[in-house]
Amino acid sequence: MDRVGVRQPTVEVRWRNLRVQAECQVVDGRPLPTLLNSAVSTFSLLTTMLGFNRNQERIHILKDVTGILKPSRMTLLLGPPGCGKTTLLLALAGKLKKNLKVTGEIDYNGVKLQDFVPEKTAAYIGQYDLHVPEMTVRETLDFSARFQGVGSRAEIMKEVIRREKEAGITPDPNIDTYMKAISVEGLERSMQTDYIMKIMGLDICADVLVGDAMRRGISGGEKKRLTTGEMIVGPSKALFMDEISTGLDSSTTFQIVSCLQQLAHISESTILVSLLQPAPETYELFDDIILMAEGQIVYHGHKGYIMSFFESCGFKCPERKGSADFLQEVLSKKDQKQYWSRNEEGYNFVTVDQFCDKFKASQSGQNLAEELSKPYEESKGHKNALSFSIYSLSKWDLLKACFARELLLMKRNAFIYISKSIQLGLLAVITGTVFLRTRMGVDRIHANYYMGSLFYALLLLMVNGFPELAMAINRLPIFYKQRDDYFYPAWAYAIPSFILKIPVSLVESIAWTTISYYLIGYTPEASRFFCQLLVLFLIHTVTLSMFRCVASYCQTMVAGSVGGTMAFLATLLFGGFIIPRCCPQLLNKNR
């Protein structure tokens, strides 16, 4: 691209006086259980519920933090737990919860966060590995690349081809093929997936299922790499990674950060990585450092100047001490004294506020303030660097991609659906022998048998939908993660789940009706047979949808079991199955 003068889209992130606050409920200690204390507690609870006594306190998570992230540079975010690292990453990625009060400015390439779609421009990579266990590594990355689209690659490729023709340049065949392949949108298999798997070291397990606690799959380190690869396979130019080393050894963390360093320098990406205790060799891979404590930024600048800054404050890192460990311990009241180097002056604890004041007065702090005072040069930016559309694909392409994934998952879980159909067939044989009739009788005695068999059929088909509850709950975390990343909307996820379950309901209804109908001795007319088949089919379809709805509201297995049982009992109670219609003649006869 450089030969024809086409620049890659880059993103520069700036934030000024960013403050995040949360309102928390203040909980008092439980008093002695006397009559007076019980009465006061009950009264306080009632007033709180009515809104008269809102005993809340505002907590400051971030306190007027300011900084800048430049393209082609990888920044390390350091700080003790609870200092606001995750909140800063979420704020910069535009993923903070709505119940938090946020003030200050955040802009990408000089554009305010509210004027574009930050969730599509940047990628937030959390510390939890949420993947579909029934899919392979390659399938996970392929679907992620398909949903995220190609961004501005197609337009850039057209411009490159045009300028190469004008300049008479013959491109390298391999590079030209790769660039054209990753610029095609909506492909089921992408060459970008193979490239990401290669640089992330996932090519050796490309066709292995991801797995979970109950299914054998890839290792923990490979899952962590897959979590990172799932987001960088897309066109995002700003990456915010939160504790990606959780559960990994130092060697694996070093390999992942090395891949990110290549990604930052080759593709000119803007990367901010939060690590708790990086090894010295991992620490050296970063270009810049952001050091946080108590919701404030203590240092923000080049990695090479941070030690001299703390030496100017009177603290020196020992020769055999890791730099990352020193930077976090020097802010701790318990560990700070051992690094004091001015013994002749005497030691006094240096607070975080004092460190912040000294940083603002230092050369690094003044350079940062001067750089932020200058407006962003629009000539540096690219018109396609930011995303202004929520989804990368059209509605039809989103629906096709979700259909393909749901069909794949149904094939992987085919054993469950086959087992349910066989189970219904066996129960139909048993039920037919219980209610077996060699001849039909239209009287009150036989009517009770018919009503009992019908009620049992409806009950069994409703119970048969309970496994859908567990399957839906297990997939909810992945759904919420990908929905929040704007992979697809909720309707594109729900419609395939409903439509592709229709053949399952039809097969199971046919398995029950064809075996039990004539064994029990219902009316042998074809219209009556198909009428009962239709009713049972609709009952089964609606039951599956009902349990999926319960799963989406309850969201946990314990609450889902209770909610599913309540919905099941409510359906039986108000569906006309338990309370039959009474005959007036029978009532008069009993009197």
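We number each residue from 1, following the sequence as shown.
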Carefully, step by step, assess Leu18 and Val102 under the rule side chain to side chain contact (heavy atoms under 4.5 Å, CB included). CA-CA 7 Å; Leu18 181 61; Val102 183; 3.8 Å; yes

Audit row: Leu291, Phe310, side chain to side chain contact (heavy atoms under 4.5 Å, CB included) steps and yes/no: CA-CA 12 Å; Leu291 182 61; Phe310 279 100; 3.5 Å; yes

I would like to know whether Leu272 and Val13 meet side chain to side chain contact (heavy atoms under 4.5 Å, CB included); could you show each step before the answer? CA-CA 10 Å; Leu272 177 60; Val13 184; over 6 Å; no

Side chain to side chain contact (heavy atoms under 4.5 Å, CB included) assessment of Thr87 paired with Leu96: CA-CA 7 Å; Thr87 303; Leu96 278 180; 4.0 Å; yes

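Minimum interatomic distance between Thr136 and Glu139 (heavy atoms only, all atoms of both residues): N-OE1, 3.0 Å. Of all non-hydrogen atoms in Cys205 and Val137, the two that sit nearest each other are O-CG2, 3.3 Å. Minimum interatomic distance between Gly322 and Cys317 (heavy atoms only, all atoms of both residues): O-SG, 4.3 Å. Considering every non-hydrogen atom in both Lys316 and Ser341, the closest pair reads CB-CB, 4.0 Å. Nearest heavy-atom pair, Ser497 versus Glu406, reported as atom, atom and distance to 0.1 Å: OG-OE1, 3.6 Å. Closest of all the heavy-atom pairs between Ala22 and Ile61 is CB-CD1, 4.0 Å.
With hydrogens and angles left out, the side-chain atoms of Asp353 and Gln296 include a donor and acceptor closer than 3.5 Å. Side-chain contact of Arg405 with Tyr488: a donor-acceptor pair under 3.5 Å is present, judged by distance alone. Inspection of the Lys120 and Ser389 side chains reveals no N or O donor paired with an N or O acceptor under 3.5 Å. Between the side chains of Gln555 and Tyr480, at least one donor-acceptor pair of N or O atoms lies under 3.5 Å.
Note that CG of Leu276 and CG of Asp325 are 9.5 Å apart. Values are rounded to the nearest 0.5 Å. A distance of 4.0 Å separates SG of Cys402 from CZ of Phe147, quoted to the nearest 0.5 Å. For the atom pair Ile290 CD1 and Ile306 CD1, the distance stands at 10.5 Å (nearest 0.5 Å). A distance of 9.5 Å separates OG of Ser552 from CD1 of Ile473, quoted to the nearest 0.5 Å. Note that CG of Asp242 is 9.5 Å distant from CG of Leu275, once rounded to the nearest 0.5 Å. Atoms CD1 and CG, on Ile256 and Leu285 in that order, are 12.0 Å from each other to the nearest 0.5 Å.
Between Tyr299 and Phe359, the distance separating the two ring centers is shorter than 6.0 angstrom.
Heavy-atom contacts from other residues, nucleotides or ligands closer than 6.0 Å to CZ of Phe326 number more than 12.
Electrostatic pairing of Lys198 and Asp203 counts as a salt bridge here, judged by a charged N lying under 4.0 Å from a carboxylate O. We find that Lys112 and Glu105 are joined by a salt bridge, their nearest charged nitrogen and carboxylate oxygen being less than 4.0 Å apart. We find that Glu268 and Lys237 are not joined by a salt bridge, their nearest charged nitrogen and carboxylate oxygen being 4.0 Å or further apart.
Checking side-chain atoms of Ser332 against main-chain N and O of Lys334 turns up a donor-acceptor pair under 3.5 Å. Judged by distance alone, with hydrogens and angles left aside, the side-chain atoms of Tyr108 form a donor-acceptor pair with the main-chain N or O of Leu92 at under 3.5 Å. With hydrogens and angles ignored, the 3.5 Å screen pairs no side-chain donor or acceptor of Glu294 with any backbone N or O of Lys63. Proximity of a side-chain donor or acceptor of Thr121 to a complementary backbone N or O of Pro118 within less than 3.5 Å is not detected. Of the possible polar contacts, one joining the Ser258 side chain to the Phe254 backbone as a donor-acceptor pair under 3.5 Å is found. Checked by atom type and distance alone, the side chain of Lys85 never pairs as donor or acceptor with a backbone atom of Glu243 at under 3.5 Å. Checked by atom type and distance alone, the side chain of Lys333 never pairs as donor or acceptor with a backbone atom of Phe349 at under 3.5 Å.
Among Arg225, Arg138, Arg146, Lys481, the one residue that satisfies the salt bridge (Lys or Arg N to Asp or Glu O under 4.0 Å) test with Glu230 is Lys481. Checking Leu77, Ile244, Leu89 one by one against Val273, the side-chain contact (heavy atoms from CB on, under 4.5 Å) holds for a single residue, Ile244.
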Check residues 65-75 and write down every donor-acceptor pair under 3.5 Å in which the side-chain atom is one partner and the other belongs to a residue at least two apart or another chain.
{"from": "Thr66", "atom 1": "OG1", "to": "Asn17", "atom 2": "N", "distance (Å)": "3.1"}
{"from": "Lys70", "atom 1": "NZ", "to": "Glu371", "atom 2": "OE2", "distance (Å)": "2.1"}
{"from": "Arg73", "atom 1": "NE", "to": "Asp288", "atom 2": "OD2", "distance (Å)": "2.9"}
{"from": "Arg73", "atom 1": "NH2", "to": "Asp288", "atom 2": "OD1", "distance (Å)": "3.0"}

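Every residue two or more places apart in sequence or in another chain that forms a side chain to side chain contact (heavy atoms under 4.5 Å, CB included) with Asp129 is listed here: His131, Lys223, Lys224, Thr227. Every side chain to side chain contact (heavy atoms under 4.5 Å, CB included) that Cys313 has, sequence neighbours left out, goes to Phe309, Phe315, Phe355, Lys358.
Between Thr282 and Ser250 there is no side-chain heavy-atom pair separated by less than 4.5 Å.
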